Visitor: 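Take a look at this one; I'll ask things after.
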Amino acid sequence: MGSCVSSTDAVLERYPREFTQSSFLALLHELQETEGYRLFGLFIDESLVAVASVSIRMSAWYGRYLWVYDLVTEKAHRSNGYGNELVSFLKQWAKDQSCETIALASALGREDAHEFYMDGNMEQSSYVFRQTLG
């Protein structure tokens with residue numbers, strides 16, 4: 001498991017938003033500076049098959065915790081245990097960073113993802129609400 005992704009193009013392909021390489025790298029730099037944002041990738045035969053973006057946060061509710069912004073396994077590589085391997089890595093890394101909890105949000109329509117998280121002993125503890133400002 002590596003803590004750096006060798007190809008920004010490989011990561012860019014996994015995000016639904018449109019980024020240029022330079023705008024994505026600028027965003028990553030800002031997130032790293034302000035949020036402690038990190039990317040972790042799982043590679044099989046030098047090919048990126050799963051990626052996670054995370055940061056360590058603090059709250060009165062969770063204490064010190066790892067927030068998972070994104071967790072994506074390539075469609076062609078799902079059901080091979082790669083997502084579980086990446087989540088296991090994240091859990092151990094979070095423990096090594098003195099985190100008490102791991103947390104994430106998942107879109108309402110992602111029943112397959114919800115099942116994956118619950119199978120991994122995660123529990124649904126809240127809803128996330130948002131409003132676009134503009």
Side-chain angles (χ1 to χ4, degrees):
M1 183 73 49
S3 61
C4 285
V5 175
S6 62
S7 169
T8 54
D9 290 336
V11 175
L12 282 172
E13 293 169 4
R14 283 139 184 94
Y15 284 90
R17 293 182 60 187
E18 294 291 324
F19 289 105
T20 64
Q21 187 176 34
S22 62
S23 67
F24 185 70
L25 290 173
L27 177 64
L28 284 180
H29 179 73
E30 182 178 348
L31 287 168
Q32 288 169 340
E33 292 289 317
T34 61
E35 303 289 329
Y37 190 87
R38 293 177 177 262
L39 284 173
F40 293 100
L42 177 63
F43 293 84
I44 303 298
D45 298 326
E46 298 184 21
S47 184
L48 181 64
V49 297
V51 65
S53 58
V54 302
S55 70
I56 295 173
R57 320 279 304 196
M58 293 281 294
S59 77
W61 186 260
Y62 293 126
R64 183 177 174 88
Y65 68 100
L66 184 71
W67 179 255
V68 180
Y69 293 98
D70 302 294
L71 177 63
V72 180
T73 301
E74 284 292 319
K75 287 181 183 177
H77 295 286
R78 291 182 184 159
S79 300
N80 291 315
Y82 300 135
N84 285 324
E85 187 175 343
L86 185 54
V87 170
S88 292
F89 170 83
L90 293 175
K91 287 178 181 178
Q92 185 57 55
W93 187 82
K95 287 179 187 177
D96 293 346
Q97 307 305 311
S98 302
C99 293
E100 303 169 40
T101 305
I102 183 171
L104 55 84
S106 182
L108 290 174
R110 297 289 319 279
E111 287 86 10
D112 57 335
H114 305 161
E115 184 176 333
F116 171 78
Y117 299 131
M118 288 186 270
D119 286 348
N121 296 318
M122 295 184 92
E123 62 185 41
Q124 182 183 0
S125 61
S126 64
Y127 288 101
V128 175
F129 296 91
R130 69 177 186 172
Q131 180 180 14
T132 301
L133 303 175

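The model shown is predicted, which means the values in this text are computed figures rather than measured ones. Hydrogens, waters and symmetry mates play no part in the numbers below; they use all other heavy atoms, side chains included.
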Visitor: Taking atom CG of Leu48 and atom CD of Glu74, what is their separation to the nearest 0.5 Å?
Guide: 7.0 Å
Visitor: Between Thr73 and Leu86, is the side-chain contact (heavy atoms from CB on, under 4.5 Å) condition met? List the steps.
Guide: CA-CA 9 Å; Thr73 301; Leu86 185 54; 5.8 Å; no
Visitor: Donor-acceptor check, side chain of Asn84 to backbone of Gly81, threshold 3.5 angstrom: yes or no?
Guide: no
Visitor: Hey, could you give me the CZ/CH2 distance between Arg57 and Trp67, rounded to the nearest 0.5 Å?
Guide: 9.0 Å
Visitor: Could you check if a side-chain atom of Ile56 sits within less than 4.5 angstrom of a side-chain atom of Trp93, using non-hydrogen atoms only?
Guide: yes
Visitor: Indicate the atoms forming the closest heavy-atom contact of Tyr62 with Thr101, along with that distance.
Guide: O-OG1, 3.7 Å
Visitor: Identify the two heavy atoms, one from Cys99 and one from Tyr65, that lie closest to each other, and give their separation to 0.1 Å.
Guide: SG-C, 3.7 Å
Visitor: Okay, side chain of Ser55, backbone of Gly36: is any donor-acceptor separation there less than 3.5 Å?
Guide: no
Visitor: Roughly how far, to the nearest 0.5 Å, is CD of Gln32 from CG of Leu27?
Guide: 9.5 Å
Visitor: Looking at CG of Leu71 and CZ of Phe40, how far apart are the two atoms once the value is rounded to the nearest 0.5 Å?
Guide: 12.5 Å
Visitor: Do the side chains of Leu90 and Val54 get nearer than 4.5 Å, heavy atoms only?
Guide: yes
Visitor: Going hydrophobic residue to hydrophobic residue with side-chain gaps under 4.5 angstrom, can you get from Tyr69 over to Trp61?
Guide: yes
Visitor: Locate the shortest heavy-atom distance separating Leu104 from Val68; write the atom from each residue and the value.
Guide: CB-O, 3.5 Å
Visitor: Given 3.5 Å as the limit, does a donor-acceptor pair link the side chain of Arg64 with the main chain of Gln97, or not?
Guide: yes
Visitor: My understanding is that only residues two or more places apart in sequence, or in another chain, count here; which of them pass side-chain contact (heavy atoms from CB on, under 4.5 Å) with Glu30?
Guide: Thr34
Visitor: How long is the span from the CG atom in Asn80 to the CD atom in Glu85, to the nearest 0.5 Å?
Guide: 11.0 Å
Visitor: Heavy-atom distance under 4.5 Å between the side chains of Phe89 and Leu42, does that happen here?
Guide: no
